[in-house]
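First comes the structure, then the notes that go with it.
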Amino acid sequence: MAVSWARDRATLFYLGFGLVGLLVVALGFGVTYAVPMVRRSFSAPWFVHLHGASALGWVLMFIAQAMLVRERRSPLHRRMGQVALPLALVIWASGIATATWAAQRDLPQQGTAATSALGGTISGLTIYVLLVVAALTMRRKPDWHKRLVMLATIQLLWPAFFRLRHLLPAVPHPDVTFALVLAYSPIVVAALRDRTQSGGIHPVWLYVGSALIVEQSLEFAFFDQGPLRLFGQWVYAWLT
């Protein structure tokens with residue numbers, strides 16, 4: 001049976017996901033970043049602020065691009081898309097600088113957990129950039145392009161989901177509940193939506209999305225252990 005992937009071109013799904021992502025950013029980083037900044041109880045190097053601003057810019061661009069697609073304003077959509085890779089590289093570089101600064105700050109109290117977190121951040125941001133590159137490579141195939149962009153955005157948003165633990169401290173195992181189950185649940189939702197709407201699950205969700213969930217699950221299961229611990233220590237020594 002042939003599957004039509006074009007049916008969702010002008011639906012609210014991608015726009016809705018972007019708005020939910022923006023809400024999660026506001027809630028997650030509001031309590032750990034925005035409010036402390038207003039109260040002047042938080043200070044950090046310039047690249048920390050650059051990382052936050054560029055990551056927020058990505059989410060806002062995702063929302064704007066989804067709106068442009070709905071309005072069928074393809075030329076403006078393509079022009080705006082030209083900043084996607086430069087913006088992703090700024091997020092990548094500033095994110096690594098931020099994670100290195102955080103590892104230096106936390107190392108005396110957390111030990112190798114701090115360097116392991118640095119290694120996980122680097123791998124996560126690198127996967128995000130690779131997904132952006134894949135999305136741009138597939139821009140002439142809209143069904144692949146938009147799903148890869150959404151998958152890249154899902155990958156970028158997991159730190160915001162993880163910070164929801166500060167708003168809901170009673171939830172057990174927040175690293176699993178927020179940063180894994182909740183953060184990557186949009187992949188499952190999108191796959192089920194494809195199945196219901198188009199009669200089949202798109203390969204982006206079936207293969208790339210599944211691989212991403214497996215990779216993240218392994219990172220959580222073996223955090224600060226074995227090769228992952230060694231990778232974090234090695235990259236910390238190299239960066240500092």
Side-chain angles (χ1 to χ4, degrees), residues 21 24-25 27-33 36 42-45 47-52 54-55 58 88-132 151-188 208-240:
V24 171
V25 169
L27 293 174
F29 283 99
V31 69
T32 62
Y33 179 80
F42 176 82
S43 61
F47 49 78
V48 175
H49 306 296
L50 175 61
H51 179 64
S54 56
W58 177 274
L89 291 175
V90 170
I91 293 170
W92 179 82
S94 61
I96 292 175
T98 297
T100 304
W101 168 76
Q104 290 177 312
R105 178 195 63 194
D106 298 336
L107 188 61
Q109 290 77 33
Q110 298 182 9
T112 57
T115 54
S116 294
L118 170 63
T121 298
I122 291 175
S123 64
L125 286 172
T126 301
I127 290 171
Y128 157 72
V129 171
L130 292 174
L131 289 169
V132 172
L151 195 57
T153 307
I154 291 170
Q155 177 68 3
L156 183 65
L157 283 173
W158 79 260
F161 277 98
F162 189 32
R163 278 159 179 77
L164 294 178
R165 71 190 188 277
H166 298 290
L167 293 174
L168 300 167
V171 176
H173 307 294
D175 52 341
V176 175
T177 304
F178 294 120
L180 183 60
V181 175
L182 194 59
Y184 292 91
S185 61
I187 296 175
V188 178
V208 187
S210 296
L212 184 58
I213 291 174
V214 169
E215 190 276 337
Q216 292 296 313
S217 299
L218 291 174
E219 279 203 28
F220 282 109
F222 298 102
F223 177 74
D224 199 26
Q225 299 180 46
L228 295 181
R229 174 185 289 180
L230 293 176
F231 173 71
Q233 292 174 321
W234 173 81
V235 76
Y236 177 78
W238 186 73
L239 289 172
T240 58

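Position 1 is the first residue of the sequence; numbering continues from there. In this text the structure is predicted, and so the values were computed from the model without any measurement.
By the neighbour-count criterion of 12 heavy atoms within 6.0 Å, atom NE2 of H173 is sparsely surrounded, having that number or fewer from other residues, nucleotides or ligands.
Put simply, OH on Y236 and CD1 on I122 are 12.0 Å apart, with the number rounded to the nearest 0.5 Å. Rounded to the nearest 0.5 Å, atoms CD1 (I154) and CG (L131) are 9.5 Å apart. The structure places CG of L180 at 10.0 Å from CG of L182, a figure rounded to the nearest 0.5 Å. Here W101 contributes atom CH2 and T98 contributes atom OG1; the two are 7.5 Å apart, rounded to the nearest 0.5 Å. How far OG1 of T100 is from CZ of F47: 8.0 Å, rounded to the nearest 0.5 Å. Of the inter-residue distances, the one linking T115 atom OG1 with L239 atom CG reads 11.5 Å to the nearest 0.5 angstrom.
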Sequence neighbours left out, cut at 3.5 Å: what donor-acceptor pairs do the side chains of residues 157-169 make with other protein atoms?
residue	atom	partner	partner atom	Å
R163	NH1	P159	O	3.0
R165	NH1	F162	O	3.0

Which donor-acceptor pairs under 3.5 Å do side chains of residues 88-96 form with protein atoms, sequence neighbours excluded?
residue	atom	partner	partner atom	Å
W92	NE1	T126	OG1	3.2
S94	OG	H51	ND1	3.3
S94	OG	V90	O	2.6
S94	OG	I91	O	3.4

Side-chain donor/acceptor pairs under 3.5 Å, residues 209-230, sequence neighbours excluded:
residue	atom	partner	partner atom	Å
S210	OG	L206	O	2.7
Q216	OE1	Y184	OH	3.3
S217	OG	I213	O	2.8
E219	OE2	S123	OG	2.7
D224	OD1	T112	OG1	2.9
D224	OD1	S116	OG	2.8
D224	OD1	R229	NE	3.1
D224	OD2	T112	OG1	3.1
Q225	NE2	A221	O	3.4
R229	NE	D224	O	3.1
R229	NH2	D224	O	2.9

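Ring geometry, H49 versus Y33: the interplanar angle falls from 30° to 60°, so the pair is classed tilted.
When side chains are defined from C-beta on, W58 counts as touching V132, because their heavy atoms get closer than 4.5 Å.
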